[in-house]
Protein chains: 2
Amino acid sequence: MDLAPARGAATIEEVAARAGVSRSTVSRVVNGSTAVSPAALEAVRRAIEELQYVPNRAARSLASRQTRAIALVIPEDTDRFFGDPFFGSIVAGIGEVIGESDYVMNMLIASDDASAKALGYLRGGSVDGAIVASHHTSDTFVDRLADAVPVVYGGRPARVRATDHYVDVDNLRGGRDATQYLLDRGHRRLATIAGPADMPAGIDRLQGFRDALADVGLTPVAVEDGDFTEAGGADAMRRILASGEAPEAVFVASDLMARGAFTALREHGYEPGRDVAVIGFDDSAVATSLVPALTTVRQPSHDQGRHMAMMLLDVLAGRATTNTAILPTEIIERASA
Amino acid sequence: MDLAPARGAATIEEVAARAGVSRSTVSRVVNGSTAVSPAALEAVRRAIEELQYVPNRAARSLASRQTRAIALVIPEDTDRFFGDPFFGSIVAGIGEVIGESDYVMNMLIASDDASAKALGYLRGGSVDGAIVASHHTSDTFVDRLADAVPVVYGGRPARVRATDHYVDVDNLRGGRDATQYLLDRGHRRLATIAGPADMPAGIDRLQGFRDALADVGLTPVAVEDGDFTEAGGADAMRRILASGEAPEAVFVASDLMARGAFTALREHGYEPGRDVAVIGFDDSAVATSLVPALTTVRQPSHDQGRHMAMMLLDVLAGRATTNTAILPTEIIERASA
DNA sequence: CTGAAAGCGCTAACAA
DNA sequence: TTGTTAGCGCTTTCAG
């Protein structure tokens, strides 16, 4: 009984030889086929164990035309990916579901400079499907990806095609509700710090804001883009403040930007929640860590992640599934508005 | 001139046929061989373009025995991975270097429940090498990984083997310096909130603390483990405070835990920096976001990431390289100590 | 229940 | 400079 082969990994051939069966039989037990005699099964198992055999994925995927891997593509730069708790939640949700499947999930950061390589990887058949975690309208990248493997988008894609699968939250409604909340508390001079104009989530929340205001015949005091980052939120708030009298209340399209807005407000001598009401969007960990605690629109990111993963699994399994899902948002009242 | 094949991706065979050359010639141009005539090169390029040809990675890697992919393995659960800015820095550093190479990097979250699958993926030849971002002594997982592909560790592995490659920061020295800093400011009753006892980084920082104290004949007032999370840091601080008189100063083995410690201190009526000096470790974004700003030991995580990536690339290329690198730390003085 | 045989799409000698 | 020829390690009919 000798050890594992000195050089390189054991092959199915070696396992077959040691177990005294054919390659086919080894393949059957590896793939859990029932049509194997107990004796053969036992012999093969022993051989696998002794040789520390692990099937070669390239060979397997070449022959079977599937990889049992899915990609989680992040079209953002690393800083934003790690800086915004939103991504953590969504990845956790996806990971939970994929973890219970027999797919492995590999995360790819496809920022501008890395996207060509990532695309080649994906289009070369390295994965059976992909989840794209966020979406910029400028990403021609995802389109080229989508016609190579099944894709599920996080958030409505910029140009929706009939066959697109995606899971979004109701951003329009969320933006509208947040604004209505502010209105209900008697505020009339409202401003907003919006998300990027090239992301549907940013566009929709802003539209909700405008709609709610239009309903009561009001116009925004100011609209500034804050690109979903803390620094961007602070800068946007500064621009709003620089442009004249401070608004009574501001709807900020993400909690992280709201944190920036708090900073900028204080620089100008305004205390958030007392002098200027602030409502955020996300309900991530930063909402509760802020002082005063941030009133915000909760979006179920973790659930969104789960939904996306389940949807992709359905598609891969050829199961019937809806193409889209829109998850509800909810106002979480705290101290800032 | 027809379109790309209706079903499935184009193969090298189809490209060859359309360009009027053999498979080998196509392979040569795809792989950038110089030994191709301008005419053939042009014909092949056109065919590739027209057919939207992308080489199949499984086939390629089966034949060439390499994948041109590396894995970034995260043996942590998702919350900790996204919760601690340390990981963001290190990933950014790694990504920078890998991004310039022709390898693609895929991140694998190998928490306990996902590690078996991840291991199979890795051992099955899906990548040419791996970087393991953090290391728990309990991870038998990484050992089994290491005898399948070249691995570079972030931080000294628990059991160092002669052939191990790793890049660490000087945690022992960092812990010692932090403690000395506190001592130099006249504090004598020192406590520490340590990292997990199953991680070399935690062990070393604690040892540095003990060493510095022992040098001047002092013993710690308290030593509590805070598992590198904010909540863990808060709990540890509470235990320290519950056990008697408050320490004059505390060395906290990570910035995130220091944030938790701030909270716990205030719960007990102590103002960090005024009543109790606090020094952290990392110099991540949380250090500057704290009020008062956190005095801390800076570790060059971004650089560490870069080093790891370069080291792995060296190994994969068969270039000579040192097996280990220890990066220096530095005290960053702010307001909390 | 088992084995033989034919590829999966590509690279890499080797000849020409 | 180019094409021919073998595989890489596995799955998958198809017979038996």
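Below, chain A is the first sequence line, B the second, and so on; all start at residue 1.
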Query raised in the report: With respect to the side chain of A/S24, which nucleotide from C/dA4, D/dA6, C/dA6 is positioned closest?
Result: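 For the A/S24 side chain, the nearest candidate turns out to be C/dA4.
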Report task. Side chain of B/R23 only, please: which of D/dC8, D/dG3, D/dA6 is the nearest? Result ->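 Shortest atom-to-atom distance from the side chain points to D/dA6.
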Could you tell me the separation between the [atom1] atom of [X] and the [atom2] atom of [Y], rounded to the nearest 0.5 Å?
X	Y	atom1	atom2	result
A/R68	B/K117	CZ	NZ	10.0 Å
B/F81	A/F82	CZ	CZ	3.5 Å
A/H165	A/M308	NE2	CE	14.0 Å

Remember a base hit wins even if backbone is also touched, and classify [X] as base, sugar-phosphate or nothing at under 4.0 Å, heavy atoms.
X	result
A/S27	base
A/T25	sugar-phosphate
A/R28	base
B/V30	nothing

Query raised in the report: If you find the nucleotide of DNA chain D closest to B/A59 and the one closest to B/S22, which residue's nucleotide is nearer the 5' end?
Result: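 The answer here is B/S22.
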Query raised in the report: Considering heavy-atom distances to DNA chain D, does B/R65 or B/G20 have its closest nucleotide positioned more toward the 5' end?
Result: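 Final value for this comparison: B/G20.
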**Report entry** Atom-pair distance (CG on A/N56; C1' on D/dG7), nearest Å
**Finding:**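 That distance rounds to 14 Å.
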Query raised in the report: What integer distance in Å separates A/E14:CD from D/dC8:P?
Result: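 In whole Å, D/dC8 P lies 11 Å from A/E14 CD.
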Taking only side-chain nitrogens and oxygens of [X], does any of them come within less than 4.0 Å of OP1 or OP2 of [N]?
X	N	value
A/N31	D/dT11	yes
B/R60	C/dG9	no
B/S64	D/dC8	no

Query - B/Q304 (side chain) donor-acceptor with B/I90 (main chain) under 3.5 angstrom - result: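 Not a single qualifying donor-acceptor pair exists.
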Report task. Taking only heavy atoms on the protein side, list every residue of residues 35-43 of chain A lying under 4.0 Å from any atom of DNA chain C, sorted numerically. Result ->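 The stretch gives A/A35, A/V36, A/S37, A/A40 as the residues lying under 4.0 Å from the strand, ordered by number.
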Query raised in the report: Which residues satisfy the side chain to side chain contact (heavy atoms under 4.5 Å, CB included) test with A/P200, sequence neighbours excluded?
Result: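 Testing A/P200 for side chain to side chain contact (heavy atoms under 4.5 Å, CB included), a comparison that skips the adjacent residues, returns A/R156.
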Query raised in the report: In terms of side-chain heavy atoms, does A/R65 have a donor or acceptor partner in B/N56 at a distance below 3.5 Å?
Result: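 Distance-only check fails for A/R65 and B/N56.
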